[in-house]
Structures are given as C-alpha cells and as structure tokens.
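Down below is the structure, laid out as structure tokens.
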Amino acid sequence: MITVLLLAVSLVVQTTWCAPKDFSAALGKSILFYDAQRSGKLPTNNPIKWRGDSALRDCVVGGWYDAGDHVKFGLPMASSSTLLLWSMIRFKDGYVKAGQLTQAYDMIKWPLDYFLKAWNPTTKQLVVQVGDGNADHAFWGRPEDMTMARPCQSVSASNKGSDIAAETAAALAAGSIVFKAKGDTAYSTQLLTAAQSLYAFAKANRGVFRGSAQFYSSSGDKDEMCEASAWLYRATKNANYLNDAKTFVEGTWAWALGWDDKRVACQLILYEETKSTVYKDAVVGFLESWMPGGGITYTPCGLAWRDKWGANRYAGNTAFVALLASEAGINPAKYRKWAVEQINYLLGDNHHDGGCYSFQIGYGSKYPRQPHHRGASCPNRPSPCGQAQLTATGPSPQILVGALVGGPEANDNYRDVRTDYVLNEVATDYNSGFQGALAGIVHLQAINSLPATNNKCPCTTTGR
C-alpha cells in the first residue's frame with residue numbers, strides 16, 4: 001500500500017512539474033534569426049543554408065532586411081543593433097555561458113560594417129534606406145530573386161534626419177566598446193571615429209527624417225540624440241558628451257522601449273553614470289507602469305500586452321530594461337522575477353495549442369510554422385517562389401529559426417497564419433530586446449541568481 005501511495009504521489013508530481021526553459025538555446029536561436037536577415041554577399045560560414053547572396057547592386061551592400069520584406073530601414077536596424085550591443089556589454093557572461101559569444105560578434109559586425117559604408121564623413125551623407133517600401137511589399141519571393149528597383153534615401157545638411165543619424169551613431173559607439181573589449185582595437189577605433197563624426201553631423205543638422213512615409217516615421221529626435229551622446233560618453237569618457245545627454249534627456253516616461261522611443265534607455269544610462277535620483281525615478285516610473293496594476297493590459301496567462309503590433313516585442317524589450325535596471329541595483333528581486341516571467345511566457349508558459357507553445361520559432365516542439373516572411377515561405381532553389389506561397393497552407397518550407405513573432409491578442413488568442421502580418425510578423429527589432437533579456441537571464445544563471453517564478457499558465461510535462 002505504501003508503495004502504491006508513493007507511486008501515485010510521484011505521478012502527481014510529474015504531471016505538475018514545470019518544464020525548465022533552455023534560455024541558452026533560445027539565445028543561440030535568436031542569433032540565427034539575424035543571420036537569416038542578412039543582405040549582400042554571404043560569408044563562407046553562413047549557417048542559413050537556404051539563404052544566398054542578394055541585393056549585390058544596392059547603393060550600400062550588406063546590412064539586415066527589416067522583417068519579412070527586403071527593405072533596409074536605417075532606424076529599426078540601428079535601434080536593434082544598439083540594444084543587441086548593450087546586451088553584449090552588460091551581459092557578456094551570459095553569451096559566454098551560452099557558448100554564443102563568437103556567434104554574437106559575427107552577427108553584430110554585419111550591421112556595423114553596413115553603417116560604416118552608409119556614412120560618408122567627407123560629403124556628410126548617411127544612407128538611411130535602401131528599397132522602396134511599397135514596391136517591395138508588392139513582391140512576394142526570395143531576396144535572391146528580386147528584380148525591382150531599389151532606390152536609396154540619404155540624410156544630409158539639406159535633407160534632415162538627425163533621428164536616424166543619432167541612433168546610428170549610438171550603435172557605432174556601443175560597437176566600439178564591444179570590439180575594444182574583444183581586443184579588436186583597430187575596428188573599435190574605426191567605429192568610434194565614425195560615431196563621433198556622425199553624432200557631430202546629427203547635432204548640427206537637427207530634424208526628423210520624413211522620407212519613409214508610413215514606414216518607421218519617428219516622432220522626434222531628442223531621445224536618439226540623448227542615446228547617442230550617452231553611448232559616446234561611455235566610449236570616450238569625454239564630459240562634453242555627458243553634458244549633451246543631460247540636455248537631451250526627457251523626464252517623461254516612455255510608452256515603451258522601441259525603435260521610436262529610447263527615453264528609458266537614456267534615463268537608465270544616465271542613472272548608471274551619475275546615480276542621480278532624477279533619472280532613477282524616471283526608470284522606476286516606467287517599469288512600475290508595466291507592473292500588474294500599473295495600467296498596462298495583461299493577457300489571462302500573464303503577458304504584459306502593450307499593443308497589437310508586436311506585443312511580444314514590447315514585452316521582451318521591457319524585460320530587458322527590467323534586467324538592466326536590476327543590475328543597476330533598482331528593485332532587483334521584483335524586476336528580475338517579472339522579467340523572467342515575461343520571457344517564460346514567450347517560450348511556452350501559455351495555453352496556446354494546449355500549452356507549452358513557444359512564440360520563438362524553432363524553440364521546443366510547438367512554435368509558429370507560418371511566419372509572415374517571404375524567404376522562409378519559399379521552397380529550396382531553383383524551385384519557383386511567388387505570390388502563391390503567401391497563401392499556401394501548411395508550414396513554411398524553411399524554418400526561420402530564432403524569430404520571435406508578433407504575438408497574441410490581448411485575450412491570449414493567436415493564429416499561426418502567414419497572411420496575418422499583425423500576429424505573425426517577424427522583424428529585427430522584435431528580437432533585439434528579447435535576445436538581450438535572454439542574455440540577462442543566462443547571466444543570472446551564471447551567478448546563481450535566477451529568481452523563482454510563478455507564471456499563471458506554466459508549461460508542464462503534460463503540456464509538452
């Protein structure tokens with residue numbers, strides 16, 4: 001009888017045991033997504049075998065395709081790069097523990113090389129977009145097969161764009177820190193020199209870029225100017241940059257950290273550099289507005305749901321901010337727990353498809369099979385690929401490993417349908433804070449400080 005009771009207890013424990021998350025694996029997969037977004041001539045170590053060389057006649061070759069399309073938009077590419085570099089600086093040990101530091105260096109050098117080519121310090125012109133959004137979105141097919149014109153748009157003294165110029169300068173400055181730590185001083189110096197001249201250009205030619213029309217139109221440039229000067233201060237320790245950041249910083253709380261709103265990023269950096277309670281209070285105000293009861297919508301299973309466009313993206317970005325703030329000594333126990341719970345949701349602590357559903361493609365056994373992504377929808381070359389693949393039923397022929405899809409509706413409902421570009425979109429900026437949070441969580445594992453969590457819809461052994 002005792003043996004029977006012990007067996008029954010054991011079975012109960014097994015059916016309610018929460019499946020552990022492999023944050024290191026998720027981190028490595030996110031890097032692979034960025035590799036899948038590469039434009040230009042691919043390196044011999046290209047890990048995405050269904051991708052090939054593309055857009056070799058662009059005015060600036062290289063960089064990342066923005067999302068499931070093939071335009072290279074400067075603002076989200078630079079914003080994504082800055083966040084990714086921040087994670088490599090603050091949570092380098094997370095990348096090391098995950099065995100992904102070399103891969104991360106390789107990943108992030110791709111956009112940095114592109115920015116260096118896009119900025120001409122002599123003519124003072126920065127290429128900020130390659131491709132026409134409307135023409136591009138009318139095409140469904142592989143980037144390798146594109147034949148449409150891919151016009152360039154640039155910012156200059158006569159065509160303002162200090163928002164994109166400053167964000168690009170921030171990425172270059174952060175990149176100089178990363179590669180200096182790596183020991184590549186020549187490349188670090190090249191990045192920093194470009195960052196400084198580009199920032200000076202942005203500061204002397206203020207004005208928001210309006211060439212993208214409905215695509216990534218920024219609401220202002222003060223947040224990017226603040227971010228750029230803050231990162232340049234970190235890279236140089238020149239007090240002039242710190243003073244600039246103090247003039248550009250805004251005291252209002254960000255709506256969310258994203259490609260158009262860097263206020264909380266600059267506030268947090270300034271707090272770390274000055275320890276002023278003014279900046280700390282702004283960071284706390286932002287994060288508390290994301291906590292339960294702070295005004296943000298929560299799905300029944302606990303995702304902090306800011307907006308239907310990229311709900312997962314905003315939750316991942318804020319989780320990254322929460323982990324960064326924790327490292328700065330701001331409410332570490334509370335913010336670490338909240339951040340890990342948000343990432344837990346994204347990796348499976350939800351009830352979609354019976355539970356244990358990962359919104360990161362390729363993680364676990366249940367994940368999106370029909371992302372809104374042209375290249376992934378195409379069969380292997382030389383088989384044709386066209387509009388029919390957009391509406392084709394069934395999984396995409398290629399697995400877009402590592403991509404974080406847009407996410408569920410506010411009621412946790414989600415549809416894995418390729419034509420649904422709201423819920424099933426993927427983008428470089430969707431993964432950036434998410435990847436940073438993953439690195440932060442692996443860092444917590446490395447220092448034995450991973451918090452206990454209490455997700456509302458935990459993935460259990462029975463939900464696998």
Does some side-chain heavy atom of [Y] sit less than 4.5 Å from a side-chain heavy atom of [X]?
X	Y	answer
Phe434	Asn312	no
Leu112	Phe179	yes
Pro397	Cys378	no
Leu191	Val178	no
Trp86	Thr82	no
Pro76	Trp64	no
Ser80	Leu83	no
Pro371	Ser396	yes

Pair [X]-[Y], side-chain donor/acceptor within less than 3.5 Å:
X	Y	answer
Ser218	Asp260	yes
Ser30	Asn431	yes
Trp140	Ser377	yes
Tyr216	Asp66	yes
Gln398	Asn380	yes

May I have the step-by-step check of side-chain hydrogen bond (donor to acceptor under 3.5 Å, both in side chains) for Asp412 and Tyr345, ending in yes or no? CA-CA 11 Å; Asp412 278 324; Tyr345 177 101; 2.5 Å; yes
side-chain contact (heavy atoms from CB on, under 4.5 Å), that's the test. Do Phe23 and Leu27 meet it? Break it down for me. CA-CA 6 Å; Phe23 301 108; Leu27 177 60; over 6 Å; no
Quick check: does any side chain N or O of [X] sit under 3.5 Å from a backbone N or O of [Y], one acting as donor and the other as acceptor?
X	Y	value
Ser229	Cys226	yes
Ser276	Thr274	no
Thr453	Asn455	no
Glu341	Asn454	yes
Gln37	Ala67	yes
Gln267	Tyr279	no
Arg51	Ala36	yes
Asp221	Val208	no
Asp136	His70	yes
Asp163	Phe209	yes

Between Asp349 and Lys21, is there a salt bridge with N-O shorter than 4.0 Å? yes
In plain terms, say whether Lys109 and Asp106 are close enough for a salt bridge, that is, a side-chain N and a carboxylate O under 4.0 Å apart. no
Centre of [Y]'s six-membered ring, under 6.0 Å away, within 45 degrees of the axis: is that where NZ or CZ of [X] sits?
X	Y	answer
Lys182	Tyr105	yes
Arg306	Trp290	yes
Arg38	Tyr34	no
Lys246	Phe248	no

Quick one: list whatever passes side-chain hydrogen bond (donor to acceptor under 3.5 Å, both in side chains) with Asp420, sequence neighbours left out. Arg415
If you round to the nearest 0.5 Å, how far is [atom2] of [Y] from [atom1] of [X]?
X	Y	atom1	atom2	answer
Leu32	Ile361	CG	CD1	12.5 Å
Lys72	Thr428	NZ	OG1	12.5 Å
Ser54	Glu144	OG	CD	5.0 Å
Asn350	Asn344	CG	CG	10.5 Å
Gln389	Ser383	CD	OG	9.0 Å
Arg374	Gln387	CZ	CD	8.5 Å

Val426/His372 under side-chain contact (heavy atoms from CB on, under 4.5 Å): CA gap, chis, key distance, verdict: CA-CA 7 Å; Val426 297; His372 188 80; over 6 Å; no
Closest contact, heavy atoms only, [X] versus [Y]:
X	Y	answer
Pro379	Cys385	CD-CB, 4.3 Å
Gly258	Asn317	CA-ND2, 4.0 Å
Leu257	Ala265	CD1-CB, 4.2 Å

Walk me through whether Glu288 and Lys334 qualify under side-chain contact (heavy atoms from CB on, under 4.5 Å). CA-CA 10 Å; Glu288 288 301 315; Lys334 178 179 182 179; 2.9 Å; yes
Students often mix this up, so state it plainly: with edges at 30° and 60°, are the rings of Tyr357 and His352 parallel, tilted or perpendicular? perpendicular
Below 30° counts as parallel, above 60° as perpendicular, anything between as tilted: where do the rings of His443 and Phe91 land? tilted
Steps toward side-chain contact (heavy atoms from CB on, under 4.5 Å) verdict (Asn424, Arg418): CA-CA 7 Å; Asn424 239 26; Arg418 192 176 300 108; 5.6 Å; no
Is the Phe33-His373 ring centre distance short of 6.0 angstrom? no
Give me the one residue out of Trp255, Trp259, Tyr430, Phe320 that meets ring-ring contact (aromatic ring centres under 6.0 Å, His included) with Tyr314. Trp255
Please walk me through it: do Tyr421 and His137 pass ring pair (Phe, Tyr, Trp, His ring centres under 6.0 Å)? CA-CA 12 Å; Tyr421 51 82; His137 288 185; 9.1 Å; no
Output all residues satisfying ring pair (Phe, Tyr, Trp, His ring centres under 6.0 Å) with Trp305, sequence neighbours left out; order by chain, then residue number. none
Salt bridge (charged side-chain N to carboxylate O under 4.0 Å, His left out) involving Glu425 - partner list, sequence neighbours excluded: none
Evaluate side-chain hydrogen bond (donor to acceptor under 3.5 Å, both in side chains) for Gln435 paired with Tyr95, printing each intermediate quantity in order. CA-CA 10 Å; Gln435 180 172 313; Tyr95 284 95; 3.1 Å; yes
Taking atom NZ of Lys275 as the centre, report whether more than 12 heavy atoms of other residues, nucleotides or ligands fall under 6.0 Å from it. yes
A quick test of your reading: do over 12 heavy atoms of other residues, nucleotides or ligands sit less than 6.0 Å from CH2 of Trp253? no
